[in-house]
Amino acid sequence: MRTRRWLSVYFLLAAFDIAAVSISLYLNHLIVSRYAESIEVNRDWADRQGIYASLGQLAATVNTPGNDVFATGDIDAEEARLAARAEDFRVRLREARRELVLDIDPADAGPLLDLLDRSAQEMEAAVASGLSIFDALRAGDAHAAGQRMAAMDRRYNRARDYLTELDARVRLIQRRTLDAQAAAAADLRRFEFLVGAFIVLMVVGVTAYGRLLVRQTHRAARERERYLAEIAGQRARLEAVFRTAAEGILTVRPDGAIESANPAAGAIIGVEPGDLAGRPVRSLLAPDAPIPDAPGVAIETVGRRGDGRAFPLEVALSAPAPAPGGGVTTWIIRDISERKRIESELAEHRDHLERLVEARTAELEDTHARLRASERLASIGTLGAGLGHDMKNLLFPMRCRLDALDRLDLPDPARAELAQIRAGLDYLQNLSRGLRLLSLDPEDPEASGGVTDIARWWDEVGALIERSLPAGARFTARIDRDSPPVRVAPHMLTQAVLNLVVNAGDALGAAPGDVGLTVRHTDRTVTIRVEDTGRGMTREVRDRALEPFFTTKQRGLSTGMGLSLVHAVALAAHGSLRIDSEPGAGTTIDLTLPVGVNADPDAQADSPASPAGAVTAVVSVRDARLGAFASAVLRAAGARVIRASALNGFTSPAVWVTDRPDPAQRDRFLAADRRNRIVSLAADIDPTPGLIRADDAGRTDRFRRILAEALSAAAGAGGETPT
Amino acid sequence: MTPDPIRVLCVDDHAFMADGLRARFDQEPGIELAGRRSSADGLLGAVDETAATVVLMDIEMPGPDPFEAIENLARHRPDVRAILFSAFVRDHYIDQAVAAGAWGYLSKGDPPDDVVRAIRAVAAGEFAMSREVADRAAGPGPKAPEPDTPRSKLALLTPREIQVLRLIGRGLSRVEIAQTLHRSPKTIDVHRASIMEKLGVNDRVDLVRFALREGLAEL
């Protein structure tokens, strides 16, 4: 578009230039022709002037004979002369007249003709007078001749005046004509300046245009150079890409032959890139290997290396670059053998993971179910504990009132009723304790404390448990009397086993059946098995059996707490509960408990070395309360406690609890028996073997433990003497 | 000369408790119910008003901390002896009771006869523990005691922390706890964080549950 504009400008300039030149030429022509014309006109008038001048002369010659006759006296000759000259004059005048009429503008010619005519008239009169002169002379009238001569001269002067005026008029006309011509020339000259200016413009325009063109040309040349440089740069970059790309890049001619290949392509195929040129591109693929049917789409196919081995190859094509005879196609190839390998590995991993996830999910669901159950249990336990607590607050006052009633003098029926009420309260008391068990946390010391010797325990509770069964039930108990103790408190064990046996009895219903209780043990566990030949549980019931409040019994007969309670006891003791049951085939429940390390304290009483019971404890502490506390603790542990202000009498083994151990007494006490121990509440005491410092008596738990240690040491159990 | 009767002040928020005790004491020579209060608030004043010689104090009650009240009582009226009387028996209660200056710790599960006996023993200058308490107070058995493992996680807590835990168990907000203990809420936060760390508990719900289980609070 710029070019077109430039072209238009060019044409405009050209047109302008031509116009300017044409106008100039035309103007020139006009000026020259005017000039020529004016010369012509001026010459004409000059000629006319000449003619009129000659007319004047002729007029003079006409006048002369009339004058000359007086001198010459040759009348005839003069008359002939006069006539001849008058004729000349007439002829000349006629010529002039005709010329005027023919060649001059009537406006101008009019007055001139008039003057000529008047002049002619006067000359005719003069001629007439002249002729009359001759007549007079002939007549011999000289006087008359003289008068006629004067008249002739007068007429001649008038004619001459008219001719002079004619001349003047002609001059005027000449002047006027000259002026007009000069004006016309001046006009034209004005145009000439204009044209001159145009021509200057034209020159300037052409020059400017020329320079612009030159600049354009230079700019175009620079642009072209820049484009070329850019192209070169791009080309260099493309070449760099071509050379360094990790993918193989091939350019393929329309006939399928490889035009060029980059080093990566060579590496993929396993030949020098130069060797690829000229080969059919199909030779790089396995026979019948597919290639993409659309540009820009990468497909997986099978390539063929230089040594003929097949390998997985990814191919993408470009659209052919347009060129005459078909364009060059670019092929991008990638060796995907590694990728394929990884894909198959991933698939294997994925399968493996899926299997793992399935397994874990199943585990997780199981865990969740158990968690939900245990959470429910925890909530129930919390509620239960609270309930149990509340119950104790009510039961105590009720028992107080019962005691009060008991002391009254009541008739027997009333006493019997009271006994029933008391039994009910005892049951509730147990229930509250049982509810408390539900909330037990295995960390809870109450859960983990306590040991039960099975044989002795069964001796105590066996009858009670058996009595809980309905009449039609046959009960068999097989108790292994060598069973090690279990790490569960006796009352909890009773509660648990009682629940199991009662359930077993209920399972029999009204029908007769068998209930068996067996105790077996291993090195680390004791298993109590309760089995019945009752109706058994369906799978659904079995799954929910441990849920608190779940019961298959009629409402009112069971709170549904039994098995959940047993389970709680098992969990608290770090044991387990297992239920085997099939509908119609009875139920077997195994309660497995860990073996207890500590022996039943009651059992100690039977063993020969009855330690604690043989120990004397002397408490001489000024703080009466602290002393009372220490006494109570020691007494509860089985020692024989003496409260005294000083260590007076004692029998070894002994424990002396004091806040001011007199050194002499101290030595005497410790020397009396190696087992004797002093628990000193004094702060500033030297360490002595056999003396235990308890100066931080504010830490009651530590104090209790120290008392227990001292007692234990005095009892002869444990060799080390703590300091 | 008959010795002065033992006058028992019952501090328990359960209405029946005092009535039951009265019914029982009526059967006992030398023991009478001096009065009842439903919280440890104003214990000293109550003791003065009722001329009590023994205080039977419940632990789970709304109002001021019973242990603090006992401490206060022991300081100002050492002649009046306080016995803790709770539905729950815990090792840490024993320790707290002794530390606070109590003369006994009884369980509401004990038969009323035992309670009466215990009151008499305390009046006579002995320390009273219910059977359950005695079993635990005696410490680990003669054989192989577990060294230094606390028997209850509560033993890990300081008395102040146990106080805070009790109030948490009752459902008080931290501001309310702060007001009750005359501390700033920030201090309560510190205590709570320490408690949770020591007990290995991650959220308030578990804290409350723990408190309820341990009998630090009732529902």
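Throughout, a chain's letter reflects where its sequence line sits, starting with A, and its residues are numbered from 1.
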Report task. For B:Arg24 and A:Pro397, indicate whether the former's side chain and the latter's backbone hold a donor-acceptor pair under 3.5 Å. Result -> no
Query - Non-hydrogen atoms of A:Thr700 and B:Asp95 that approach each other most closely - result: OG1-O, 3.1 Å
Query raised in the report: Which heavy atom of B:Ala23 sits nearest a heavy atom of A:Ala404, and at what distance?
Result: O-CB, 3.6 Å
Query - A:Arg524 atom CZ, neighbour heavy-atom count above 12 within 6.0 Å - result: no
Query raised in the report: With a 4.5 Å heavy-atom cut-off, do A:Leu394 and B:Met17 have their side chains touching?
Result: no
Query raised in the report: Is A:Arg625 reaching over with its side chain to a backbone N or O of B:Val98, donor-acceptor style, under 3.5 angstrom?
Result: yes
Query raised in the report: Which heavy atom in B:Gly109 sits nearest to a heavy atom in A:Lys392, and how many Å separate them?
Result: N-CD, 3.8 Å
Requested in this report: Look up atom CZ in A:Arg635 and atom CE in B:Met129, then write down how far apart they are to the nearest 0.5 Å.
Outcome: 8.5 Å
Report task. Determine yes or no for a side-chain-to-main-chain donor-acceptor pair under 3.5 angstrom, with A:Arg401 supplying the side chain and B:Leu21 the backbone. Result -> no
Query raised in the report: Checking side-chain contact (heavy atoms from CB on, under 4.5 Å) for the pair A:Asn393/B:Asp12: CA distance, chi angles, key distance, verdict?
Result: CA-CA 10 Å; A:Asn393 276 309; B:Asp12 195 311; 4.3 Å; yes
Report task. May I ask you to check whether over 12 heavy atoms, not counting those of B:Glu197, lie within 6.0 Å of atom CD? Result -> no
**Report entry** Residue pair A:Arg407 / B:Glu28, side-chain heavy-atom distance below 4.5 Å
**Finding:** yes
Query - Pair B:Phe16 and A:Phe396, ring centroids less than 6.0 Å apart - result: no
Query - Over all atoms of both residues, closest heavy-atom pair of B:Glu126 and A:Arg643 - result: CA-NH1, 4.4 Å
**Report entry** Segment of B:Ala15 engaging chain A (4.5 angstrom heavy-atom cut-off)
**Finding:** neither
Query - B:Asp19, part contacting chain A, at a heavy-atom distance under 4.5 Å - result: both
**Report entry** chain A contact via B:Val116 - side chain, backbone, both or neither, heavy atoms under 4.5 Å
**Finding:** neither
Query - Minimum heavy-atom distance between A:Ala632 and B:Phe127, given as atom pair plus value - result: CB-O, 3.6 Å
Report summary line: So CZ of B:Arg22 and SG of A:Cys400: to nearest 0.5 Å the spacing works out to 12.0 Å
Query raised in the report: Is it the backbone or the side chain of B:Phe25 that comes under 4.5 Å from a heavy atom of chain A, or both, or neither?
Result: neither
Query raised in the report: Given that the side chain runs from C-beta out, which part of B:Pro111 has a heavy atom under 4.5 Å from chain A: side chain, backbone, both or neither?
Result: both
